[in-house]
Amino acid sequence: MRPLVRRFSQLHPPNKTTYTYNTMMKAQLQNPTPDPQKALGFFNKMRRNGISCDNYTYPIVLKACRMTRGLWEGRQVHGEIVKVGFFNSDVYVRNGLIGMYCKSGQMSCSRALFEGFCEKDLVSWNLLVSGYVECGDMVEAQKVFDEMPERDVVSWSIMIDGYGKKTGDIVRARLLFDKMDERDVVSWNTMIDLYAKVGDMVAARELFDMMDRKSLVSWSIIINGYLQHQDPMEALYVFNLMLSHDIKPDKFCVVGAISACAQLGALDQGKWIHMYIKKKKIVSDIVVNTALTDMYMKCGSTEEARAVFNGMPEKNVVSWNAMISGLGANGFGDEALTYFSQMEQEQIQVDDLIYVSVLSACSHGGFVAKGLEIFNRIKDPKVEHYGCLIDLLVRAGKLEQAISFIASMPMEPNKDLWGSVLLGCRVQKYVGLGEFVLNKLKKVGGDDCGVYVLMSNIYGDNGMWEEGMKMRKILLEKGMVKEGGKSVIEAVDGGLVEFVCGKNSKLCRNDDIEHVLWSLSKMVDLE
DNA sequence: ATAGGGTTAG
């Protein structure tokens with residue numbers, strides 16, 4: 001039996017028509033993982049085999065050039081188009097050319113082509129405007145926009161996005177948005193995304209709530225917006241809202257929700273989402289799996305984190321980092337080091353953050369020699385790496401060695417680094433050094449509330465009560481208040497409850513929790 | 001067939 005469908009490569013040359021090639025090239029650009037290089041490969045083969053191009057071929061090829069930013073290839077195609085005589089016959093071909101030149105930043109070229117067109121349509125105008133926007137030339141973009149014989153939602157959205165992203169003029173963007181006669185999903189999402197990016201989640205949410213037809217992009221903008229601006233509770237709330245509306249989230253929304261669980265330490269919610277992804281067959285990728293690994297690690301569930309990580313079909317440096325930093329933070333320092341060497345064996349490119357994770361794993365595990373060895377392998381150590389090293393030495397009780405390392409640093413120590421030293425001063429009762437460090441911290445603006453409390457304790461530990469009181473007085477004078485600590489606890493019913501320390505909040509259930517803590521402490525006392 | 005929105009994870 002001959003197969004009904006034959007692979008492209010099995011077709012004989014006479015069957016390889018222009019149409020077939022066009023379809024193949026288009027498929028390369030529309031794949032989940034677009035490969036414009038491959039599309040251009042087909043194009044070259046097409047010409048080698050003497051297959052003629054038609055008016056559908058060139059827009060596709062030009063788009064491929066645009067995606068690879070292959071200006072040289074694009075110019076060749078341009079020449080061929082003129083030679084073959086397609087230039088003046090087809091507006092799609094001409095627009096493809098403008099798009100290609102715009103993406104390579106050749107605005108004078110695009111403009112000249114545009115001016116020479118016998119006939120231009122709305123797409124030609126929009127391409128020109130978006131070209132200027134891309135270059136950050138909002139003045140010229142506005143000029144062209146004003147000259148347009150007619151404008152559609154695309155023209156307006158390009159301008160809105162440009163004012164927001166290129167000049168940061170969100171007020172102007174909003175003015176344009178309000179001026180629009182009609183808006184589609186993309187124009188709404190563009191405006192909402194601008195607000196979310198600058199952290200104005202109130203405005204973003206207001207628009208989002210006003211939308212009647214939200215797309216998955218809209219939901220993802222809001223969920224990830226809350227996440228990026230330290231409101232994981234709200235991110236999770238919106239995610240659950242989505243589910244209650246029977247909307248199936250995609251990987252972008254799901255990643256936001258998983259990361260929110262990681263930030264909150266909401267293990268049960270996280271597990272539930274993990275199950276939900278599997279059950280609903282949501283297309284996961286390396287990012288989703290890395291987020292899951294990180295979430296399990298942050299929630300202290302190392303076993304499940306290992307299971308996700310080891311089951312990943314492919315991993316990148318971010319995945320390895322989630323694993324290594326997670327193991328270190330959960331007290332599996334030696335295992336973190338094992339994974340690190342495995343990672344190096346698999347030829348994964350090590351980056352700065354990996355070294356931070358590995359060094360802090362050494363620090364928590366007390367592996368001084370190993371930590372020093374790894375530090376010496378870093379080609380261009382950053383202040384964060386020195387910070388890890390100092391922390392490692394301080395925790396190991398080697399304060400003097402830490403100080404001499406600081407002296408050898410090619411850059412200024414930051415406040416975290418001095419903070420580690422100050423902690424060491426308390427443990428080893430070094431008052432004078434503590435005072436020295438406090439002065440350094442003042443200079444880098446790192447003398448926060450915790451620092452004065454620590455310094456006061458250093459004085460106290462050494463019987464210097466008056467100096468200790470002085471620190472307390474500074475706290476009062478500067479009006480420094482310890483930032484309210486906040487924990488989120490998963491209630492028995494699966495809901496999330498905030499437990500706020502240092503201030504009273506009517507919204508949280510501090511009384512209930514304090515009551516439980518009180519009974520627990522009584523039980524401990526009885527033992 | 002050409003133009004505008006989310007690149008999310010450490």
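Naming: A, B, ... by sequence-line order, numbering from 1 per chain. Just so it is clear, the model here is predicted, and its values are computed rather than measured.
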Measure the distance from [atom1] on [X] to [atom2] on [N] and round it to the nearest whole Å.
X: A:Leu128; N: B:dG4; atom1: CG; atom2: P; result: 13 Å
X: A:Ile282; N: B:dG6; atom1: CD1; atom2: P; result: 21 Å
X: A:Asp90; N: B:dA1; atom1: CG; atom2: C1'; result: 8 Å
X: A:Arg151; N: B:dG4; atom1: CZ; atom2: C1'; result: 16 Å
X: A:Ile286; N: B:dG10; atom1: CD1; atom2: P; result: 14 Å
X: A:Asn22; N: B:dT2; atom1: CG; atom2: P; result: 12 Å
X: A:Trp219; N: B:dT7; atom1: CH2; atom2: P; result: 17 Å
X: A:Tyr101; N: B:dT2; atom1: OH; atom2: P; result: 19 Å

- Task: Could you tell me whether the side chain of A:Asp351 has a donor or acceptor atom within less than 3.5 Å of a complementary atom in the base of B:dG10?
- Result: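 For A:Asp351, whose side chain was compared with the base of B:dG10, there is a donor-acceptor pair (under 3.5 Å).
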- Message: Tell me whether the side-chain N or O atoms of A:Asn316 pair up with the base of B:dA9 as donor and acceptor below 3.5 Å, since no angle test is needed here.
- Response: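 Side chain to base: pair found, below 3.5 Å.
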- Stacking here means centres under 5.5 Å and planes under 30°; does A:Phe252 stack on B:dT8?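 Yes, A:Phe252 stacks on the base of B:dT8.
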Would you mind classifying the nucleic acid contact of [X] as base, sugar-phosphate or nothing, using non-hydrogen atoms under 4.0 angstrom?
X: A:Lys165; result: sugar-phosphate
X: A:Ser215; result: base
X: A:Val317; result: base
X: A:Ile60; result: nothing
X: A:Leu216; result: base
X: A:Thr190; result: sugar-phosphate
X: A:Asn289; result: nothing
X: A:Arg183; result: nothing
X: A:Gln228; result: sugar-phosphate
X: A:Thr293; result: nothing

Does the separation of the ring centres of [X] and [Y] fall below 6.0 angstrom?
X: A:Phe239; Y: A:Trp219; answer: no
X: A:Phe375; Y: A:Tyr386; answer: yes
X: A:Trp125; Y: A:Phe114; answer: yes
X: A:Phe208; Y: A:Trp188; answer: no

Of the nucleotides [options], which one has an atom closest to the side chain of [X]?
X: A:Cys253; options: B:dA1, B:dT8, B:dG6; answer: B:dG6
X: A:Val255; options: B:dA9, B:dG4, B:dA1; answer: B:dA9
X: A:Asp121; options: B:dA9, B:dT2, B:dG10; answer: B:dT2
X: A:Val318; options: B:dT2, B:dA1, B:dG10; answer: B:dG10
X: A:Tyr92; options: B:dT2, B:dG6, B:dA9; answer: B:dT2
X: A:Val217; options: B:dT2, B:dG6, B:dG4; answer: B:dG6
X: A:Val153; options: B:dA1, B:dG4, B:dT2; answer: B:dG4
X: A:Lys197; options: B:dA1, B:dG6, B:dG4; answer: B:dG6

- Item | Residues A:Asp193 and A:Thr190: side-chain donor-acceptor under 3.5 angstrom |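 No, A:Thr190 and A:Asp193 have no side-chain donor paired with an acceptor closer than 3.5 Å.
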- Message: Between the side chains of A:Asp178 and A:Arg174, is the shortest nitrogen-to-carboxylate-oxygen separation below 4.0 Å, so that they form an ion pair?
- Response: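 Answer for the salt bridge query: yes.
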- Query: At under 4.0 Å, does any side-chain N or O of A:Lys251 touch on OP1 or OP2 of B:dT8?
  - Reply: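 No, outside the criterion.
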- In terms of the angle between their ring planes, are A:Tyr276 and A:Trp272 parallel, tilted or perpendicular, with boundaries placed at 30° and 60°?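 Taking A:Trp272 first and then A:Tyr276, their aromatic rings lie parallel (interplane angle under 30°).
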